[in-house]
2 protein chains.
Amino acid sequence: MPRSGQTDMAVLGALSIEPMSGYALRESIRDVLGHFWSESFGQIYPALAGLERDGFVRREGAAKRGASTFAITAAGRRRLRELLTEPVQAAPARNGLLLRLFFGRALGTEACRALIAGARADAERRLREFDALDARTAAEPQYADDAPFWHLTISAGRHHAHAVIAWADESLAALDHLDPDGR
Amino acid sequence: MPRSGQTDMAVLGALSIEPMSGYALRESIRDVLGHFWSESFGQIYPALAGLERDGFVRREGAAKRGASTFAITAAGRRRLRELLTEPVQAAPARNGLLLRLFFGRALGTEACRALIAGARADAERRLREFDALDARTAAEPQYADDAPFWHLTISAGRHHAHAVIAWADESLAALDHLDPDGR
DNA sequence: TAAAACATGTAATTTGTTACATGATTGA
DNA sequence: TCAATCATGTAACAAATTACATGTTTTA
């Protein structure tokens, strides 16, 4: 039974905004936190069970059939603040694109170009997703108190995507200079 | 015995540049690929054993006592090209800083400010590390053919660090506007 | 009424880290 | 000679994904 503090933080945090089912929890983590966080069913349900056992969430509605909603308790809010205050643990760096480019001499210049162009296209797509996400949250006045913080995370995503685009353009130009025949 | 293609790629790639011991492999992965990749002993040694069994690396020097060096074979180079050509698999997003900021209303504005300032300081430190890394590779003429590719990865790190700094400054200003008394 | 979406959970597997155990070599 | 560094490996644990199993509710 995985009980990482990280998963508990994400689950309690989401439930601190509004009560929802485990299914909805996963959907909103994917759709709203998706660009900087992820959780799978295999973690969410055991985490909910543990949090319920410890009195941090309360299950509302029948457990057996159909929908049951999980709500955060007062103890759960205290636990959330405790978790949020813990030092940020750096995720181990694992960037498959940069690993391939580092060995670009073995991979070949043309394949490198394609990888960089792909990363640039992904970044452009993410920028469009951020626009949509911004519009969605701005349209819901009940989240007004949370929106400024949500905006910080979207802004981080935008800055990152812009950085990828600038880097890609610069890098494609550098590879052209290295090997002027685009072949 | 973990045998992920990702670890094999990093190990074969490093050995494609020059033969070295498992220990040195870990050091150079930490020191050179550190800003975008990581491997631990628990993965490197089993990976080396598997690669040796499959004929992709050859152990030179006594296995029992003191140093033994691992060198990539011709089959290993073919295997490396094969691995490098595989599609980049996106690492699951896990950014503990942004997760905390997203729940910034529960964490408190002041703690958010401190987290952002910390991220900014980390980025500044990384920029200095990139300068040192650049100087180190530029000083070794034997890596001239690889250096242009290595430079792409360092440039990516720099762009990313600059993006973090710009985002942090913007975000700190936004939080000031939200709550003018810094208390 | 059939398909799609909602909903909950478990089990197997993968992936990776950390700690432990052991020993050789080198330099102060 | 003692400590630090180099070196190899295993075992225990932790974290997370994926696939599987099961059933309900809504909608076309």
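In what follows, every chain begins at residue 1, and chains take the letters A, B, ... in the order their sequences are listed.
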Below 3.5 Å, can you tabulate the donor-acceptor pairs from side chains in residues 165-173 of chain A to any protein atom, sequence neighbours excluded?
unit_1	atom_1	unit_2	atom_2	d
A:Trp167	NE1	A:Ser171	OG	3.1
A:Trp167	NE1	B:Leu152	O	3.0
A:Asp169	OD1	A:Arg120	NE	2.7
A:Asp169	OD2	A:Arg120	NH2	3.2
A:Glu170	OE1	B:His159	NE2	3.0
A:Ser171	OG	A:Trp167	O	2.8

Residues forming a salt bridge (charged side-chain N to carboxylate O under 4.0 Å, His left out) with B:Glu86, sequence neighbours excluded: none
Calculate the interatomic distance between A:Glu39 atom CD and C:dG9 atom C1'; express it in whole Å. 16 Å
Could you please name the option among D:dT10, D:dT17, C:dT8 that lies closest to any side-chain atom of A:Ser38? D:dT17
Report yes if a side-chain nitrogen or oxygen of A:Tyr23 is closer than 4.0 Å to either non-bridging phosphate oxygen (OP1 or OP2) of C:dC6; otherwise report no. yes
Residues in salt bridge (charged side-chain N to carboxylate O under 4.0 Å, His left out) contact with B:Glu82, at least two apart in sequence or another chain: B:Arg79
When the axes are fitted on five pairs at both termini, how much does the helix from C:dT1-D:dA28 to C:dA28-D:dT1 curve, in 10° steps? 30°
Identify whether the distance between the nearest side-chain nitrogen and carboxylate oxygen of A:Asp122 and A:Arg125 falls below 4.0 Å. yes
If you look at every strand shown and take non-hydrogen atoms under 4.0 Å, does B:Arg94 touch a base, only sugar-phosphate, or nothing? sugar-phosphate
Taking CD from B:Gln89 and P from D:dA16, how many angstroms apart are they, rounded to a whole number? 16 Å
Answer yes when B:Arg94 and A:Glu39 have at least one side-chain N-carboxylate O distance shorter than 4.0 Å, and no when they do not. yes
Once you round it to whole Å, what is the distance between P of D:dG9 and CZ of B:Arg53? 14 Å
Euclidean distance, atom CD1 of residue A:Ile44 to atom P of D:dT18 [Å, nearest integer]: 13 Å
Please figure out whether A:Gln6 or B:Leu48 has its closest DNA chain D nucleotide nearer the 5' end. B:Leu48
Can you figure out which of C:dT17, C:dA7, D:dT8 approaches the side chain of B:Ser40 most closely? C:dT17
With DNA chain D as reference, determine whether A:Phe41 or B:Glu27 sits nearer its 5' end, using the nearest nucleotide of each. B:Glu27
Side-chain N or O of A:Gln43 versus OP1/OP2 of D:dT17: is the shortest distance under 4.0 Å? yes
Separation of C:dT15 C1' from B:Met9 CE (nearest whole Å): 15 Å
Could you list the residues that satisfy salt bridge (charged side-chain N to carboxylate O under 4.0 Å, His left out) with B:Arg81, not counting sequence neighbours? none
Would you indicate, yes or no, if C:dC6 has its OP1 or OP2 atom less than 4.0 angstrom from a side-chain nitrogen or oxygen of A:Ser21? no
B:Glu52 meets the salt bridge (charged side-chain N to carboxylate O under 4.0 Å, His left out) criterion, sequence neighbours left out, with B:Arg59
Between C:dG16 atom P and B:Arg26 atom CZ, what is the distance in whole Å? 16 Å
Does D:dG9 have OP1 or OP2 under 4.0 Å away from a side-chain N or O of B:Arg59? yes
In whole angstroms, the gap separating P of C:dC6 from CZ of A:Phe70 amounts to 17 Å
Whole Å only: how far is the CG atom of B:Asp8 from the C1' atom of C:dT15? 13 Å
